[in-house]
Enquirer: 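Mind having a look at this structure? Questions to follow.
If you're wondering where the values come from, they're calculated on a predicted model, not measured in any experiment. Below, chain A is the first sequence line, B the second, and so on; all start at residue 1.
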Amino acid sequence: MIEVYNTLTGSKERFVPAEPGRVRVYVCGPTTYNYIHLGNARTFVIFDTVRRYLEYCGFKVVFIQNFTDVDDKIIKRAAEENTTPHALAQKYTRAYYEDADGLNVLRADVYPRVSEHIAEIIGLIETLVAGGFAYAAGGDVYFSVRRYPDYGKLSGRSPDEMLSGARVEPGENKRDPLDFALWKAAKPGEPKWPSPWGEGRPGWHIECSAMALKYLGADFDFHGGGADLIFPHHENEIAQSEAATGKTFARYWLHNGFITVRQEKMSKSIGNVFLVREVLERYPASAVRLFLLGTHYRSPLDYAPEYLEAAVRGAERLSNCFGLLTEAIAKAASGGEGGDIFTDSLSSLEADFRAAMDDDFNSARALACYFDLVREVNTAVHAVSPPPKKVLEQAMELFSAFNRVLGIFPEKEGKPLIMKAAGGDDFTGRLLELIIAVRQEARIRKDWAVADQIREGLKEIGIVLEDTVEGVRWKKV
RNA sequence: GGCGGCAUAGCCAAGUGGUUAAGGCGACGGUCUGCAAAACCGUUAUGCGGCAGUUCGAAUCUGCCUGCCGCCUCCA
């Protein structure tokens with residue numbers, strides 16, 4: 001049984017999908033005006049992990065994540081970069097895919113873009129106008145907050161409390177300071193589309209409503225995003241969508257905490273951002289994911305390079321275990337008896353892992369189970385009489401399953417894809433075998449100076465040698 | 001000002017009423033090794049920001065205090 005913390009109710013609730021066996025998820029994607037930073041990445045990795053776990057549990061997941069490619073920030077940035085908003089959005093959309101792929105984030109089923117859903121947006125606004133929830137004024141269209149009684153139910157505040165912060169910007173035609181724009185009249189040089197209210201473009205919040213309703217329908221299961229979207233973005237989405245459809249918009253609202261840098265929020269306006277591509281140049285994706293999933297998604301996560309260094313070592317521990325297990329399976333004779341105790345601990349680890357993820361996607365706890373598995377496996381493969389092949393393969397299945405959920409390492413054919421010793425059929429591999437053979441001869445002669453020189457030399461070019469009683473093991477780092 | 005969150009070992013971080021407070025990184029000692037590496041074993045929080053209180057029993061609940069942060073305006 002999965003329990004999730006729902007921002008809407010402020011409590012953990014049992015998760016029951018609207019349709020049995022099928023889960024519909026919408027996550028607010030990037031506004032494509034810049035490369036994504038680690039804070040953005042946290043959201044995408046978190047919801048990727050949620051999706052992976054739901055699939056692990058046997059649900060068919062429909063996962064939608066939008067690109068906001070029509071927006072004030074894009075227009076502004078395009079002007080600065082001396083390009084068009086469209087070209088700018090294209091550039092950063094491509095960059096998003098590179099970064100997200102680099103983080104081993106699975107692809108969404110659909111990535112709807114605002115610029116391709118203008119008709120749906122206009123349709124939704126027309127419904128709101130017809131229903132008396134919105135009004136046109138001077139080429140703009142505004143949502144009338146006071147007409148929607150439930151306004152504030154997500155962020156937990158009443159319209160009267162919000163009045164103090166609300167303002168009418170110069171040039172706006174709001175009747176009430178709380179109202180927000182659904183449609184903005186075009187200004188010279190800005191992207192624009194024809195509409196019943198004249199040429200213009202959508203406001204910020206309406207696109208997510210229009211696209212979520214188009215691809216998922218009303219009453220879908222999960223809507224996610226960063227905690228800073230609770231207000232006003234998600235509050236407004238609920239108001240628009242529920243006013244227009246008369247139905248529940250999303251059933252469970254999930255919000256992840258921020259990444260901070262020296263306890264301060266990482267944000268573009270503060271200027272303390274670390275871009276995903278910069279981080280991935282220095283650290284493997286496995287370490288970045290380990291870092292991001294090592295803290296519960298709703299807690300703040302402080303970033304510092306040394307935390308990533310620690311995660312690099314943790315990821316190495318995982319990959320070393322994978323290598324040892326692969327080796328042990330290859331060496332084990334088929335058949336054989338025993339290993340019952342090991343099998344028992346495997347099933348108890350799986351149960352613990354599921355319990356952790358069932359508890360509001362507690363990836364930190366799940367990770368502890370992953371490391372417990374590593375210790376069990378390492379001990380077992382080094383035992384005087386290791387478990388039989390069949391049992392080792394069960395351990396590998398569990399290792400792969402944990403990896404599949406957490407996405408630490410990329411997968412190939414259901415197994416983690418971890419760089420390890422090549423077979424010796426490629427040139428580098430054969431060369432390495434030769435060097436290792438020469439070193440072994442030196443070792444037999446007890447010529448430790450030569451042996452150590454070779455080992456150190458290889459280490460400098462990224463090849464680590466490990467002498468074991470059964471021969472030499474090498475791996476790339 | 002309004003609303004919300006956080007404070008657990010050297011560092012990161014689970015744990016939200018009940019056996020010896022997960023896990024990772026680091027450090028130290030040991031086993032193995034020619035030496036390493038990897039791996040394993042052991043040690044590293046009689047205590048969970050402080051003070052009261054509730055309870056047979058609290059890191060976990062209540063109150064107060066202290067410190068930090070976020071949202072209320074673009075932001076994942």
Enquirer: So what does A:His233 touch, heavy atoms closer than 4.0 Å: a base, only the sugar-phosphate, or nothing?
Expert: nothing

Enquirer: Using both distances under 3.5 Å as the test, list the Watson-Crick or G-U wobble partner of B:rC35, or none.
Expert: none

Enquirer: Just compare B:rA14, B:rC25, B:rA76 and give me whichever is closest to any side-chain atom of A:Ala310.
Expert: B:rC25

Enquirer: If you go through the side-chain atoms of A:Asp467, does one of them form a donor-acceptor pair with the base of B:rC35 closer than 3.5 Å?
Expert: yes

Enquirer: Categorize A:Ile259 for me: base, sugar-phosphate, or nothing, with a 4.0 angstrom heavy-atom threshold over every strand shown.
Expert: base

Enquirer: Applying a 4.0 Å non-hydrogen cut-off, can you work out what A:Ala368 is touching in the nucleic acid: base, sugar-phosphate, or nothing?
Expert: base

Enquirer: I need the single residue from A:Phe180, A:Phe231, A:Phe249 that forms a ring-ring contact (aromatic ring centres under 6.0 Å, His included) with A:His205. Which is it?
Expert: A:Phe180

Enquirer: Any side-chain N or O of A:Arg317 less than 4.0 Å from the OP1 or OP2 oxygen of B:rG24?
Expert: yes

Enquirer: Under a 3.5 Å limit for both distances, which nucleotide forms a Watson-Crick or G-U wobble pair with B:rU55, could you say?
Expert: none

Enquirer: Can any side-chain N or O of A:Asp140 pair as donor or acceptor with the backbone N or O of A:Ala185 at less than 3.5 Å?
Expert: yes

Enquirer: What nucleotide among B:rA14, B:rA76, B:rA38 has an atom nearest to a side-chain atom of A:Glu466?
Expert: B:rA38

Enquirer: Side chain of A:Arg375: nearest nucleotide among B:rG70, B:rC40, B:rA76?
Expert: B:rC40

Enquirer: Distance check needed: B:rG26 P versus A:Tyr307 OH, whole Å only.
Expert: 15 Å

Enquirer: If the cut-off is 4.0 Å, is A:Arg443 near the phosphate of B:rC35, judged by side-chain N/O to OP1 or OP2?
Expert: no

Enquirer: Any base atoms under 4.0 Å from A:Gly39, or only sugar-phosphate, or nothing? Heavy atoms, all strands.
Expert: base

Enquirer: May I ask you to verify whether the side chain of A:Arg455 and the base of B:rA36 hold a donor-acceptor pair under 3.5 Å?
Expert: yes

Enquirer: Out of B:rC72, B:rA76, B:rA14, which nucleotide sits closest to the side chain of A:His37?
Expert: B:rA76

Enquirer: If you take atom types as modelled and just measure distance, does the side chain of A:Arg298 reach the base of B:rC6 with a donor-acceptor pair under 3.5 Å?
Expert: no

Enquirer: Tell me the partner of B:rC28, counting only Watson-Crick (N1-N3 plus N6-O4 or O6-N4) or G-U wobble (N1-O2 and O6-N3) with both under 3.5 Å; none if nothing fits.
Expert: B:rG42

Enquirer: Rounded to whole angstroms, how far apart are CG on A:Leu367 and P on B:rG15?
Expert: 13 Å

Enquirer: Name the residue from A:Phe63, A:Phe47, A:Trp253 that meets the ring-ring contact (aromatic ring centres under 6.0 Å, His included) definition with A:His223.
Expert: A:Trp253

Enquirer: Using a distance-only criterion (donor-acceptor N/O pair, under 3.5 Å, no hydrogens), is the base of B:rG34 paired with the side chain of A:Asp452?
Expert: yes

Enquirer: Counting only Watson-Crick or G-U wobble pairs whose two distances fall under 3.5 Å, which nucleotide matches B:rA21?
Expert: none

Enquirer: Would you please test A:Arg298 and A:His255 for side chain to side chain contact (heavy atoms under 4.5 Å, CB included) and show each step?
Expert: CA-CA 7 Å; A:Arg298 284 191 283 115; A:His255 295 96; over 6 Å; no

Enquirer: Applying a 4.0 Å non-hydrogen cut-off, can you work out what A:Asn40 is touching in the nucleic acid: base, sugar-phosphate, or nothing?
Expert: base

Enquirer: Nearest to the side chain of A:Phe371, heavy atoms from C-beta on, is which of B:rA13, B:rG34, B:rG24?
Expert: B:rG24

Enquirer: Any chance the side chains of A:Ser155 and A:Arg157 put a donor and an acceptor closer than 3.5 Å?
Expert: yes

Enquirer: Within the structure shown, what part of the strands sits under 4.0 Å from A:Lys73 by heavy-atom distance: base, sugar-phosphate, or nothing?
Expert: sugar-phosphate

Enquirer: Could you tell me whether the phosphate oxygens of B:rA38, OP1 or OP2, come under 4.0 Å of any side-chain nitrogen or oxygen in A:Asn378?
Expert: no

Enquirer: Rounding to a whole Å, what distance do you find between A:Ile75:CD1 and B:rC74:P?
Expert: 15 Å

Enquirer: Please classify the nucleic acid contact of A:Leu465 as base, sugar-phosphate, or nothing, using heavy-atom distances under 4.0 Å.
Expert: base

Enquirer: For the pair A:Glu466 and A:Arg473, find out whether any cationic side-chain nitrogen is under 4.0 Å from an anionic carboxylate oxygen.
Expert: yes

Enquirer: Base, sugar-phosphate alone, or nothing: which one does A:Arg313 contact when heavy atoms must sit under 4.0 Å apart?
Expert: sugar-phosphate

Enquirer: Does a side-chain N or O of A:Arg77 approach OP1 or OP2 of B:rC74 to a distance below 4.0 Å, or not?
Expert: no

Enquirer: Closer to the 5' end of RNA chain B via nearest nucleotide, is it A:Gly29 or A:Trp448?
Expert: A:Trp448

Enquirer: Can you see if the side chain of A:Asn362 gets near the phosphate of B:rG15 - specifically, an N or O under 4.0 Å from OP1 or OP2?
Expert: yes

Enquirer: What contact category does A:Gly10 fall into here, base, sugar-phosphate, or nothing, at under 4.0 angstrom with non-hydrogen atoms?
Expert: nothing

Enquirer: Taking the nucleotide of RNA chain B with the closest heavy atom to each, which residue, A:Phe291 or A:Lys446, is nearer the 5' end?
Expert: A:Phe291

Enquirer: For B:rC68, which nucleotide in any strand shown is its Watson-Crick or wobble partner with both distances under 3.5 Å?
Expert: B:rG5

Enquirer: If the cut-off is 4.0 Å, is A:Lys265 near the phosphate of B:rC71, judged by side-chain N/O to OP1 or OP2?
Expert: yes

Enquirer: Within the 4.0 Å heavy-atom criterion, would you say A:Phe258 contacts the bases, only the backbone, or no part of the nucleic acid?
Expert: base

Enquirer: The test is side chain to side chain contact (heavy atoms under 4.5 Å, CB included); show your working for A:Tyr5 and A:Tyr252 and say whether it passes.
Expert: CA-CA 8 Å; A:Tyr5 181 88; A:Tyr252 302 90; over 6 Å; no

Enquirer: Shortest non-hydrogen contact from A:Asp360 to A:His296?
Expert: O-CE1, 3.0 Å

